[in-house]
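Read the structure below first, then the notes.
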Amino acid sequence: MPELADRPQPATGRRGPKIVGFLCDWAVASEGVVRDDGTMRDLPNVTLIKIPCSGFTRPAWLEFALRNGADGVFVCGCPLGDCFNRYGNNLIGDRVEQLRRRLERQKVNPERIGALFYGKHAGAAFVDAVRAFSERVAGMPGPAFPARKPAPATTGQGPAASTPGPAPQGGQSGAPAGREGT
Amino acid sequence: MTDRASTYVLWIVVLAAVGLVCTVGIVWGELTGHHRLGGALIGVILLAYSFILLCLRKGGFTSV
Amino acid sequence: MYKRLLAGLLAVTLRLDTLIARVYPDDFNPLYYTGGLSNLFLTVLVLSGIFLFLYYTPSFDQAYTSVQFLTADVPYGQIIRGIHRYSADGFMIVILLHLFRNWFTERFRFSRDEPWISGMMLLTLTGFIGVTGYMLVWDQRSEALVAMTANAAAQVPLVGGWLRHALFGGAGLTDLLLPRLLFLHIGPAVGLYVFLLWHYTRIRHPKVWPPAVWTLFALGFVVLLTGLVPVTSQAPAVVAQRPQTLAVDWLFLTPYWAMRFLPPLVLIALAVVLIGYGLYIPYQLPETRSELGLKDSGVAQVIDANCTGCELCYYDCPYNAIVMVPSPSPGVTKAAQARKLRAVILESRCVECGICVGACPFEALELPRLLQKDIHERVLTACQS
Ligand code: HEM
Ligand code: SF4
Ligand code: SF4
């Protein structure tokens, strides 16, 4: 196990970036996707935390994860419009947008925070989306929060356009970068 | 403009033209007492506008 | 068995959604708006119905001719009549879609029994309104429907005669029949709104209208159909002779068609069983969250000391389970000093979704068995692994 906590280096270690995901009980079924310890079967660098509804997530928890060593965080709910609890996923979608804007002002790359929307049986598509998200985060330099005194090099991480990895497809549901086409 | 967007623009233009033709048809129906035709054409216009909205959205010209 | 069936139907439903998503963006999926579409058709029905009412004369000798006059001589009368007829069919179709969708996606669970039960009432009333609507035209079909209904009602044991009297004002055709039918058409239609009020009590921000794409589509489709397949009456009713044929509108008149093969009493029993089962659906699977394999996080709790009375949780709770009450005293934290209100959870309505937790910016709400502390712990373990 590489020691990832408190590391100063870019998180492009052998296991990829550390990612924490919040997964709604009613969205993607976790059987076959998640292992007993909460990591994803195909992506051991991603840990999923099951929650009763995506709308349960406090944006502060996402920030908490980023401040405590996660390189990326996301929330996954049902497809927009089909929330079992009516609007939970719309609510968290909006809140993630706000958090992204807020953290961008603190020089955090907003692409590190994602909102995904996949239904119960869309496990495969969900795994693909998380993989794409993970690869995108892997391409970002440095820890999520820049060091206290911003070195001139880290300011270059701002432009999202320079991020490698597949660009999200317009119109497709639940592109990892949050609410597509909105 | 991307390729996809311009395809949708094309569709929007076609549908808008259909709407225009229908308007002419409604006026003609009104003048000559063909109310049933006028009614049907109102339906066509509404359907055309429905698909225009869809194309606007899919082409990325409007958001949610 | 039933559970397996339901799981299969859910899979099919979600499959359908992914197919629709190929053409329509997620927030345009019409199946997410079946309730709103029902309301749209209901509104169209009310508006076109008012127009028809202005021309309709409820009497034996004028009912038929007033409808004919409206259709043939009033400008666009034909169109409005068609809109009313086809919207009724559309209404029934989207209500059934609404019912099946909510059923298969298990949206009858937990505190959703209230919308479900009131929904069954809405469905039953709608069927009734549809039938009385066909009776108003007073063509041969209307007469057949009245005769068949009266006959079936009279056969119900014990209350049969009374039932027929209640519906039609006595045996045979009395002069009051058509005014009575007019009431039986419009009265229950007003009743729909009473049940809708109930339908919405536990639903926060109900999606009452579909997106514009589908409003235009539904209206356009109905109007186009009206132009292409104009609505007509059959030959006028001739009281002396029983008509032999029945043009069937399958959405409303199937039971009358079935009367050819089954005695009316069997059909009535069948209807009672179906409606009874419909009312039973929310209680058929009395599963708790842990039985469903979900974590039982407990009913949300307000931490009164922190609550500022900002009402955010109240706006976001999907089931109207939070009420704001006047606060007798300030809270403990600084932000809670000036509060006028505080949040109170109606525990019987809470489904433990935790949306209020995500809504509260003042850390004044928690799910007792899934605290913020627990989440923090899990996040830390995840980050350190
Ligand atoms: C006149 C007919 C009806 C109308 C106009 C109507 C309208 C609506 C509307 C607007 C909603 C809110 C939907 C949303 O915001 O997602 C809703 C929810 C609901 N309806 Fe109906 N409805 C009708 C009939 C029915 C019937 C026949 C049933 C089933 C027996 C039913 C069961 C439900 C349930 C369970 C919900 C809650 C769904 C949720 O919370 O997402 N409704 N209805
Ligand atoms: S957990 Fe909160 S938002 Fe969910 S039903 Fe209960 S009170 Fe409402
Ligand atoms: S959101 Fe929090 S602070 Fe605001 S009223 Fe609800 S419990 Fe109180």
Side-chain angles (χ1 to χ4, degrees), chain A residues 1 3-6 18-22 25-26 37-39 44 46-62 64-71 73 78-88 90-92 95 117 119-122 125 171-174 180-182, chain C residues 7 10-11 13-15 17-18 21-22 24-29 31-33 101 105-107 109-110 203-207 211 289 292-297 300 316-319 351-361 363 365 367 370 372 374-376 378-385:
Chain A
M1 295 279 130
E3 189 56 56
L4 289 186
D6 212 16
K18 188 68 227 165
I19 290 177
V20 179
F22 290 88
D25 278 344
W26 300 95
D37 63 349
T39 56
V46 182
T47 311
L48 293 180
I49 299 176
K50 296 268 284 178
I51 50 173
C53 176
S54 58
F56 169 64
T57 324
R58 281 196 174 137
W61 297 340
L62 306 179
F64 179 84
L66 289 179
R67 285 193 188 277
N68 283 281
D71 298 301
V73 281
C78 304
L80 288 176
D82 199 27
C83 175
F84 185 76
N85 292 308
R86 304 186 37 71
Y87 286 114
N90 295 84
L91 291 169
I92 192 60
R95 286 176 193 150
F117 303 103
K120 187 169 179 191
H121 297 293
Q172 190 179 308
S173 76
E180 266 298 301
T182 57
Chain C
L10 174 62
T13 311
L14 295 183
R15 209 44 244 268
D17 284 349
T18 45
R22 291 198 189 156
Y24 284 90
D26 260 347
D27 51 336
F28 282 2
N29 183 338
L31 296 181
Y32 294 168
Y33 296 94
R101 175 147 188 116
T105 57
E106 305 191 14
R107 279 179 170 79
R109 281 188 188 279
F110 308 129
I203 305 180
R204 188 80 202 174
H205 310 302
K207 278 179 260 176
R289 292 181 66 84
L292 279 168
L294 305 174
K295 187 177 161 53
D296 190 7
S297 318
D316 285 354
C317 172
Y319 306 100
V351 307
E352 313 176 12
C353 67
I355 285 178
C356 51
V357 177
C360 180
E363 311 200 340
L365 275 158
L367 294 182
L370 191 59
Q372 167 156 297
D374 304 333
I375 298 281
H376 280 175
R378 263 174 237 188
V379 169
L380 285 180
T381 346
C383 293
Q384 266 133 43
S385 66

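Just so you know, these numbers come straight off a predicted model, no measurement behind them.
Shown here for A/Pro52 and C/Leu367, the closest heavy-atom pair between the two residues is CG-CD1, 3.8 Å. Between C/Gly358 and A/Pro59 the shortest heavy-atom distance is O-CD, 4.3 Å. Here the closest non-hydrogen pair linking C/Ile355 and A/Gly88 is CD1-CA, 3.6 Å. The nearest pair of heavy atoms linking C/Lys207 to A/Arg86 is N-NH2, 4.2 Å. Minimum interatomic distance between A/Pro79 and C/Tyr32 (heavy atoms only, all atoms of both residues): CB-OH, 3.6 Å.
At a threshold of 4.5 Å between non-hydrogen side-chain atoms, the residues C/Cys383 and A/Val20 count as touching. Contact annotation: the side chain of C/Val351 never approaches that of A/Phe84 to less than 4.5 Å [non-hydrogen atoms, C-beta and beyond]. Residues A/Asp25 and C/Arg289 form a side-chain contact, since some pair of their non-hydrogen atoms from C-beta on lies under 4.5 Å apart. A/Asp82 places a side-chain heavy atom less than 4.5 Å from the side chain of C/Leu14. Taking 4.5 Å as the limit, every side-chain heavy atom of A/Arg67 sits out of range of all side-chain heavy atoms of C/Val379. Side-chain contact between C/Gln372 and A/Arg58 is present, with heavy atoms from C-beta onward closer than 4.5 Å.
Between A/Phe64 and C/His376, the ring planes are parallel. Angles under 30° get that label, and only those over 60° would be called perpendicular.
Rounding to the nearest 0.5 angstrom, the gap separating the CD1 atom in C/Ile375 from the CD1 atom in A/Ile49 is 6.0 Å. Expressed to the nearest 0.5 Å, how far CZ of A/Phe56 lies from CD of C/Glu352 amounts to 11.5 Å. Taking CG from C/Asp17 and SG from A/Cys78, the interatomic distance works out to 10.5 Å, rounded to the nearest 0.5 Å. Here the straight-line distance linking atom CH2 of A/Trp26 with atom OG1 of C/Thr105 works out to 10.0 Å at 0.5 Å rounding. A distance of 6.0 Å separates CG of C/Asp26 from CG of A/Leu80, quoted to the nearest 0.5 Å.
With chain A as partner, the option from C/Arg109, C/Arg101, C/Arg22 having the largest number of non-hydrogen pairs under 4.5 angstrom is C/Arg101. Counting heavy-atom pairs under 4.5 Å between each of C/Gly293, C/Pro206, C/Gly354, C/Pro361 and chain A puts C/Gly354 at the top. Heavy-atom pairs under 4.5 Å with chain A peak, among C/Arg378, C/Arg15, C/Glu363, C/Arg107, at C/Arg107.
By the side chain to side chain contact (heavy atoms under 4.5 Å, CB included) test, C/Cys356 pairs with C/Ala300, C/Cys313, C/Ile322, C/Leu365, sequence neighbours left out. Contacts of C/Asp316 classified as salt bridge (Lys or Arg N to Asp or Glu O under 4.0 Å), with partners at least two apart in sequence or in another chain: A/Arg95.
Neither the backbone nor the side chain of C/Tyr33 comes within contact range of chain A, judged by heavy atoms closer than 4.5 Å.
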